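In what follows, every chain begins at residue 1, and chains take the letters A, B, ... in the order their sequences are listed. These numbers were taken from a predicted model, which means no experiment stands behind them.
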There are 2 protein chains.
Amino acid sequence: METVQHETGPRRRVTIADIALRAGVSKGAVSYALNGKPGISEATRRRILDISEEFGWYPNSAARALSAARARACGLVLARPARTLAFEPFFMQLLAGIEAELSSRSVGLTIQVVDDVEAEMAVYRRWWAEHRVDGVLVKDLRIVDPRVEQIEQLGLPAVVIGGPEGTGSLSAVWSDDAGAVVEVVRYLARLGHERIARVAGVPEFLHTEIRTEAFLATMAELSLSSQVLTTDYMAESGAQVTRQLLSDRRPPTAIVYDNDVLAVAGLGVAHEMGLSVPRDVSLVGWDDSLYTQAVHPPLTAVTRDIVVMGMHAASALLALIDDGVVTRAGEVCGQLIPRGTTGRPPGAASGSTRAPRPFARRQRDERDGLTLNRKSS
Amino acid sequence: METVQHETGPRRRVTIADIALRAGVSKGAVSYALNGKPGISEATRRRILDISEEFGWYPNSAARALSAARARACGLVLARPARTLAFEPFFMQLLAGIEAELSSRSVGLTIQVVDDVEAEMAVYRRWWAEHRVDGVLVKDLRIVDPRVEQIEQLGLPAVVIGGPEGTGSLSAVWSDDAGAVVEVVRYLARLGHERIARVAGVPEFLHTEIRTEAFLATMAELSLSSQVLTTDYMAESGAQVTRQLLSDRRPPTAIVYDNDVLAVAGLGVAHEMGLSVPRDVSLVGWDDSLYTQAVHPPLTAVTRDIVVMGMHAASALLALIDDGVVTRAGEVCGQLIPRGTTGRPPGAASGSTRAPRPFARRQRDERDGLTLNRKSS
DNA sequence: AGGGTCGACTGTACCGGTTAAGCATCGACG
DNA sequence: CGTCGATGCTTAACCGGTACAGTCGACCCT
């Protein structure tokens with residue numbers, strides 16, 4: 001059944017007209033058969049399917065998009081400078097999750113990297129007008145975010161990764177950041193920490209605000225002394241604020257970082273300053289990665305299954321495109337993985353609270369502890 | 001000149017028919033005008049351009065692709081497991097470079113993540129048949145690589161990132177890995193190292209072989225004792241081989257890693273084993289990243305401007321698609337950035353050779369030292 | 001036998017662009 | 001004054017699918 005290629009140079013593409021000719025039926029019949037629509041006898045359908053397979057036929061995506069008004073592609077715009085983008089495993093993990101879901105339903109993924117939100121919105125307008133994508137995934141929701149209204153106005157199907165608030169009428173998938181922050185603070189408090197600092201990311205992002213508010217509220221509730229500094233997610237900036245914090249007359253005994261780059265940079269600074277971790281200061285990272293596990297001591301960190309989050313975002317988007325189902329939830333829960341960078345604060349009496357084993361190399365399988373709550377509306 | 005939107009719900013897309021109606025000309029005239037083709041008076045062209053701008057018109061990409069047989073999109077398949085993919089800044093940097101070049105020429109980028117080379121080839125066949133992309137970028141060239149022949153057979157325009165050999169008739173862009181290896185070995189030799197190990201990546205990749213051969217040749221030339229171990233690029237695996245190397249009766253005094261994840265993991269193991277870096281052992285990473293700079297001490301590493309490499313690959317692909325120009329070179333040179341993880345081997349007499357400043361925090365601008373040689377054929 | 005229904009197809013318009021061919025109009029030129 | 005050629009535009013076919021309105025024969029019912 002192998003088709004031999006006699007000509008040299010590029011092969012000519014097979015169209016349904018070729019199949020129709022060979023099967024002795026009309027183009028319409030072929031279309032019905034290939035799309036599993038009724039009105040074709042089982043025998044004819046079988047014959048057409050066999051021929052199309054023999055010919056190695058795939059539908060011309062442009063032709064299909066033109067007549068069916070479906071591009072069979074989704075879009076993702078990355079609106080952070082390439083420098084920070086490249087170093088956050090978060091993006092690639094998300095991408096991998098999104099792609100896994102889309103390609104399993106043979107939908108393509110088109111991506112574009114831009115400089116700012118303004119450019120991002122321009123891309124949405126263009127994609128919409130060009131019919132290039134059927135829907136988009138929106139990342140890094142801001143506290144006031146012009147993208148939501150823009151997308152609503154275009155009527156472009158979209159799923160926001162972030163929230164739960166501020167997503168307007170759009171579908172949304174988010175992770176329970178507030179819950180994870182509370183868990184981290186309680187954990188550090190149990191170890192005896194009383195002065196905890198948070199090294200946050202860009203304050204315009206909604207998740208930064210959510211985490212900061214949860215942090216301050218929990219700290220206040222436990223009557224602990226808190227401090228919040230913001231960064232641009234870069235190692236340089238994480239190193240700088242860590243140096244500043246640890247140079248203080250009464251430095252915090254624990255620091256919680258907003259991503260893994262910042263945490264690794266913070267650990268580097270502690271070493272550089274001759275401090276022992278976790279004896280002199282405890283550090284907690286956000287978003288586990290190969291790096292947080294590779295450094296020494298391995299970083300205590302909050303993990304979320306970002307791949308799964310990407311998969312659910314993509315799945316929600318396809319549901320929206322195909323059936324108009326608006327997903328208003330789809331929460332991925334984070335979990336704290338204690339490793340080697342957290343312990344009792346300096347000068348604390350040992351005894352009452354159970355300290356984590358230092359440098360404990362727990363199994364990666366712990367990540368399976370992640371749960372996913374899914375509600376639809 | 002603002003157009004007010006009165007209707008609620010999704011806006012209707014503007015087509016050239018709408019523009020033609022408004023301008024009082026035919027569809028064909030509008031098409032000529034918008035594409036800058038001759039046969040339209042300057043006045044009419046101006047009028048049509050103004051109207052299309054007022055209407056916010058963009059060409060329906062499907063319609064254009066169908067008639068012009070140009071998808072105005074390129075493809076990139078990532079064929080490594082998501083786990084390793086997510087943690088190599090290399091990919092995102094490459095992506096950023098590719099995207100910068102493509103979007104500046106308003107060409108889209110479609111990506112797909114697959115498990116193996118077989119699946120990757122299937123994607124190329126499908127993309128080709130679907131007309132979904134005009135060309136592809138091929139990564140991680142293997143020593144024997146079935147993808148090259150597959151792509152040649154399809155007549156699909158492609159640029160291989162890797163080489164210079166084994167790329168058949170395809171365009172290629174590569175980095176001078178052999179040269180960088182020689183530089184690293186010479187540098188370590190000058191410091192007095194006599195036993196150097198190389199922790200390599202996947203041996204099937206051509207660049208792994210190129211680096212290993214250059215390593216062994218240079219080591220032999222200098223009559224030094226060498227050792228090569230392979231890994232799967234994961235931190236786990238890098239940690240394991242480092243532990244093995246350093247536990248040896250006569251351990252190497254310097255280790256050269258094949259990427260940044262491996263190097264960071266190696267540094268973690270050295271710390272874990274109570275070794276001081278660079279006093280007890282020197283480490284060199286490959287592909288600089290935020291992490292190599294964030295750890296303590298900051299890693300000596302080979303840098304390449306991967307973003308620029310991506311840009312040149314994309315640019316070569318567009319040249320191939322538009323004008324059929326086959327680019328057979330476009331070399332990005334790597335450069336060694338000495339930082340804090342390299343020094344004299346233990347027990348070496350100090351004096352004759354100049355030791356690098358330990359922990360030297362050199363400027364990022366050093367990366368500008370990268371050069372790019374471009375030849376066309 | 002005549003009419004109705006159903007299944008299995010065919011014919012064709014259409015999606016929104018591109019482009020070859022055709023056709024006025026006009027100035028220039030022999 | 002007729003004709004030639006350039007200019008500026010129109011017409012219509014075409015790209016490769018989808019989908020709706022028919023057509024046609026077989027079968028069923030009364």
query: Pairs in or reaching into residues 29-42 of chain A: which pass salt bridge (charged side-chain N to carboxylate O under 4.0 Å, His left out), with residues at least two apart or in two chains?
result: A/Glu42-A/Arg45
query: Once you round it to whole Å, what is the distance between P of D/dC15 and CD1 of A/Ile16?
result: 12 Å
task: Output yes when at least one side-chain N/O atom of A/Trp57 is less than 4.0 Å from OP1 or OP2 of D/dG17, else no.
output: yes
- prompt: If you round to the nearest 0.5 Å, how far is CD1 of B/Ile111 from CG of A/Leu95?
  reply: 4.0 Å
- request: Please work out if B/Ser26 contacts a base, only the sugar-phosphate, or nothing of the nucleic acid, heavy-atom cut-off 4.0 Å.
  value: base
- prompt: Residues two or more places apart in sequence or in another chain: which of them pass side chain to side chain contact (heavy atoms under 4.5 Å, CB included) with A/Ala172?
  reply: A/Val160, A/Thr167, A/Trp174, A/Arg328
Whether A/Asp323 side chain and A/Val325 backbone form a donor-acceptor pair below 3.5 Å: no
- line: Each nucleotide of nucleotides 20-27 of chain D classed B (base within 4.0 Å of a protein heavy atom), S (only sugar-phosphate) or -, in 5' to 3' order, makes B-------
- request: May I ask you to verify if any side-chain N or O of A/Thr15 is less than 4.0 angstrom from the OP1 or OP2 atom of D/dG16?
  value: no
- prompt: Tell me: CG of A/Leu21 to C1' of D/dG16, nearest whole Å?
  reply: 15 Å
- line: A/Arg70 atom CZ is separated from D/dT18 atom P, nearest whole Å, by 13 Å
- request: Please identify each residue that fulfils salt bridge (Lys or Arg N to Asp or Glu O under 4.0 Å) with B/Arg142, with sequence neighbours left out.
  value: none
message: Any side-chain to backbone donor/acceptor pair from B/Ser171 onto B/Thr327? Under 3.5 Å, distance only.
response: yes
statement: With sequence neighbours left out, the residues meeting salt bridge (Lys or Arg N to Asp or Glu O under 4.0 Å) with B/Glu120 are B/Arg147
query: Could you give the CG-to-P distance, from A/Asn60 to D/dT18, as a whole number of Å?
result: 10 Å
task: Let me know the distance between NZ of A/Lys37 and C1' of D/dA19, rounded to the nearest Å.
output: 7 Å
task: Please list all pairs passing the salt bridge (charged side-chain N to carboxylate O under 4.0 Å, His left out) test where one or both residues lie in residues 92-115 of chain A, with sequence neighbours left out.
output: A/Arg105-A/Asp322
query: For B/Ala129, what residues pass the side chain to side chain contact (heavy atoms under 4.5 Å, CB included) criterion, not counting sequence neighbours?
result: A/Tyr58
- request: Identify whether any heavy atom of B/Ser41 sits under 4.0 Å from a base atom; if not, whether one sits that close to sugar-phosphate; answer base, sugar-phosphate or nothing.
  value: sugar-phosphate
query: So which one's nearest nucleotide on DNA chain D is more toward 5', B/Ser67 or B/Gly39?
result: B/Gly39
task: In whole angstrom, give the distance that lies between atom NZ of B/Lys27 and atom C1' of D/dT11.
output: 11 Å
message: I'd like to know if the side chain of B/Arg132 reaches the main chain of B/Gly75, judged simply by a donor and an acceptor atom lying under 3.5 Å from each other, with no hydrogens or angles considered.
response: no
message: Could you tell me how far apart A/Asn35 (CG) and D/dG17 (P) are, to the nearest whole angstrom?
response: 10 Å
Taking distance alone, no hydrogens or angles, what donor-acceptor pairs closer than 3.5 Å link side-chain atoms of residues 133-140 of chain B to residues at least two apart or in another chain?
unit_1   : atom_1 : unit_2  : atom_2 : d
B/Asp134 : OD1    : B/Ala71 : N      : 2.7
B/Asp134 : OD2    : B/Ala71 : N      : 3.3
B/Asp134 : OD2    : B/Arg72 : N      : 2.7
B/Asp140 : OD1    : B/Arg80 : NH2    : 3.1
B/Asp140 : OD2    : B/Arg80 : NE     : 3.0
B/Asp140 : OD2    : B/Arg80 : NH2    : 3.3

query: To the nearest 10 degrees, what angle separates the axes at the start and end of the helix from C/dA1-D/dT30 to C/dG30-D/dC1, five pairs each?
result: 70°
query: Where does the chain A footprint on DNA chain C start and end, counting 5' to 3' with a 4.0 Å heavy-atom cut-off?
result: C/dA8 to C/dG16
query: Contact class for B/Val25 vs. all strands (heavy atom < 4.0 Å): base, sugar-phosphate, or nothing?
result: sugar-phosphate
- request: Indicate yes or no for a side-chain donor-acceptor contact from A/Trp128 to the backbone of A/Leu156 under 3.5 Å, with no hydrogens or angles considered.
  value: no
field: Nearest-Å distance for atom pair CG/P, residues A/Leu34 and D/dA19
entry: 13 Å
field: Those residues that, when tested against A/Ser26, pass side chain to side chain contact (heavy atoms under 4.5 Å, CB included) (two or more places apart)
entry: A/Ala29
message: Just to be sure I understand the geometry, which residues of residues 42-52 of chain A put a non-hydrogen atom under 4.0 Å away from DNA chain C?
response: A/Thr44
Basic-acidic side-chain contact under 4.0 Å: B/Arg46, B/Asp50: yes
